[in-house]
2 protein chains.
Amino acid sequence: MLVKRAIGSNPDFFRSIPIALFYFYPMKKSILLYGLAMAVLLALLKFLQYKYLIRDLGIEVYLTIVAVFFTVLGIWAGLKLTNPKQVIQASEEKAGDPEAMLAEYGISNREFEVLQLMAKGHSNQEIADELFLSLNTIKTHSTNLFSKLDVKRRTQAVDKAKSIGIL
Amino acid sequence: MLVKRAIGSNPDFFRSIPIALFYFYPMKKSILLYGLAMAVLLALLKFLQYKYLIRDLGIEVYLTIVAVFFTVLGIWAGLKLTNPKQVIQASEEKAGDPEAMLAEYGISNREFEVLQLMAKGHSNQEIADELFLSLNTIKTHSTNLFSKLDVKRRTQAVDKAKSIGIL
DNA sequence: TTTCCTTTCACACTAAAGTACCAATCTGGT
DNA sequence: ACCAGATTGGTACTTTAGTGTGAAAGGAAA
């Protein structure tokens, strides 16, 4: 909808959208955002193409912009995809029953991730940056985590988590 | 602007770009390969452009191919860059004597006492009460302790203290 | 005695952590 | 399709934590 209103003047542009979205059909919101970003960029370039004489500058310039943009986008996507990976690895390190304890205390995945970074001495802002979340979200997670662990501070949470063997 | 509106719901995206580029910076070979892959693809497309009539299919198809390719490339880069994360922290693991380490870092008795209580998750006020000291004194001790351990927060102090074997 | 370190504490300030409440979206089952 | 839990965020607020500066008292060593 948003896209449609922005580029309404270039109907032939829409041919590219289904192509982009095709590859990611089974996926969810992030992919939708990906397609959207792609569409927007294409629209922008298309717009510039008519506005200025980019065609005269050569198609290479055109492609380079797209290439760089989507590389960055890809790196970002890659970083996002690897985050849940580390959690799995970390939770499998302990030979005990960390998973059982997490379930016992009703600690969710995200909460555990936050807990792990807390234990490494990271600040809420740092955790937010590393997980690509907002500071408020980290605060929410940590508050919920504290109530589940029945503690009041992050240092207590780390201490208790280690004592019950989930860290 | 246009792009920002499209991904507007996730402003963290833009914060992640410098992060991604930061990890990317020290890797010279990867950048070289990146440029090479880019050049090869551009050449290939250029070649196809003359060989067949891709231009008639529209610039969108052209761009879509490039976009998808470099997204995949970016994801690959992202995956590669996130792996050597945990190696860095393992460098300071010197399992040694506790007393020797205290001397090594110039940590005094009181500071160590404070550190121990910190590790148990106690607040500054609680520590002050337990040691019959004022809150300000605890703050002074902890500030000095942090500078000696070269950390900025109590959680980091506890983490580092454990890693160097004084806790 | 002088010097250095430790320990103690104060005040004023900034930064971070944490609480409370709310709400939208997403996800996994039933 | 609906629902419970998970995830993500926001606002406004209170509480701790941490910094910078200064200072006083005691002990140990030169």
Side-chain angles (χ1 to χ4, degrees), chain A residues 24 26-34 36 80-81 83-84 87 102-103 105-115 117-160, chain B residues 7-16 102-103 105-115 117-160:
Chain A
F24 307 99
M27 299 189 183
K28 302 287 165 69
K29 183 188 165 191
S30 27
I31 299 312
L32 234 157
L33 281 177
Y34 172 79
L36 238 152
K80 261 216 144 175
L81 292 174
N83 279 334
V87 178
L102 288 177
Y105 285 85
I107 297 172
S108 70
N109 271 24
R110 265 317 203 200
E111 285 160 1
F112 182 56
E113 283 186 89
V114 172
L115 177 60
L117 293 174
M118 268 184 189
K120 291 208 268 178
H122 296 198
S123 70
N124 284 338
Q125 185 60 63
E126 287 170 350
I127 297 174
D129 291 341
E130 287 168 71
L131 298 181
F132 303 105
L133 298 176
S134 94
L135 176 59
N136 284 315
T137 302
I138 304 302
K139 286 185 177 184
T140 301
H141 285 323
S142 56
T143 295
N144 292 334
L145 183 63
F146 297 159
S147 92
K148 286 175 182 177
L149 284 176
D150 192 30
V151 297
K152 293 205 168 299
R153 283 174 296 280
R154 54 180 39 227
T155 44
Q156 282 184 339
V158 171
D159 184 54
K160 178 147 189 178
Chain B
I7 325 178
S9 59
N10 192 7
D12 296 321
F13 168 77
F14 295 98
R15 241 191 300 165
S16 69
L102 289 177
Y105 285 85
I107 297 172
S108 70
N109 271 22
R110 270 311 208 201
E111 285 160 1
F112 182 56
E113 284 186 89
V114 172
L115 177 59
L117 293 175
M118 268 184 188
K120 291 208 267 180
H122 296 199
S123 71
N124 284 339
Q125 185 61 63
E126 287 170 351
I127 297 174
D129 292 342
E130 288 168 70
L131 298 180
F132 302 105
L133 297 175
S134 98
L135 176 58
N136 285 316
T137 303
I138 304 302
K139 286 185 177 183
T140 301
H141 285 322
S142 56
T143 294
N144 292 333
L145 183 63
F146 296 160
S147 91
K148 286 175 183 177
L149 284 176
D150 191 30
V151 297
K152 293 205 167 299
R153 283 175 296 279
R154 53 177 45 225
T155 45
Q156 281 185 341
V158 171
D159 183 55
K160 178 148 189 177

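We name chains A, B, ... by the order of the sequence lines, and we start the count at 1 in each one.
- Side-chain atoms of A:Ile138 and A:Leu133, non-hydrogen and from C-beta on, do get closer than 4.5 Å to each other.
- In this structure, B:Thr143 reaches the bases: a heavy-atom distance under 4.0 Å links it to at least one base atom across the strands shown.
- Atom-to-atom, NZ of A:Lys139 to C1' of C:dA15 comes out at 11 Å; the value is rounded to the nearest Å.
- The closest side-chain donor-acceptor pair between B:Asp129 and B:Gln125 falls under 3.5 angstrom.
- Atom CG of B:Leu117 is separated from atom C1' of D:dT16 by 17 Å (rounded to the nearest Å).
- Side-chain nitrogen and oxygen atoms of A:His141 include at least one within less than 4.0 Å of the OP1 or OP2 phosphate oxygen of D:dT8.
- Taking atom CD1 on A:Ile127 and atom P on D:dT8, their separation rounds to 13 Å, with Å as the unit.
- Computed from coordinates, the B:Glu111 CD to C:dT8 C1' distance equals 12 Å when rounded to whole Å.
- The side chain of B:Arg153 contributes no N or O atom lying less than 4.0 Å from OP1 or OP2 of D:dG18.
- Taking only side-chain nitrogens and oxygens, B:Thr137 never comes nearer than 4.0 Å to OP1 or OP2 of C:dT8.
- Between B:Asn124 and the phosphate of D:dT16, there is no side-chain N or O to OP1/OP2 separation shorter than 4.0 Å.
- Considering every non-hydrogen atom in both A:Thr155 and B:Met118, the closest pair reads CB-O, 4.1 Å.
- When the C1' atom of D:dA24 is taken as reference, atom CG of B:Asn136 falls 14 Å away, rounded to whole Å.
- For the pair B:Lys152 and A:Glu126, the salt-bridge criterion is not met [side-chain N within less than 4.0 Å of a carboxylate O].
- Judged by closest nucleotide on DNA chain C, B:Thr140 is the one of B:Thr155 and B:Thr140 placed further toward the 5' end.
- Between the CG atom of A:Asn144 and the C1' atom of C:dC22 there is a distance of 13 Å, given to the nearest Å.
- For the pair A:Gln125 CD and C:dA17 P, the computed distance is 9 Å after rounding to whole Å.
- Rounded to an integer number of Å, the gap from NZ of A:Lys152 to C1' of C:dT19 is 10 Å.
- B:Ser134 comes within 4.0 angstrom of the backbone, heavy atoms only, and of no base.
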Evaluate the side-chain contact (heavy atoms from CB on, under 4.5 Å) criterion for residues B:Leu115 and B:Glu111: first the C-alpha distance (whole Å), next the side-chain angles of each, then the deciding distance (0.1 Å), finally the verdict.
-> CA-CA 6 Å; B:Leu115 177 59; B:Glu111 285 160 1; over 6 Å; no

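- If you check C:dT6, D:dT19, C:dA17 against the side chain of B:Ser108, the one that comes closest is C:dT6.
- Backbone-only engagement by B:Leu133 is indicated by non-hydrogen atom pairs under 4.0 Å involving sugar-phosphate atoms exclusively.
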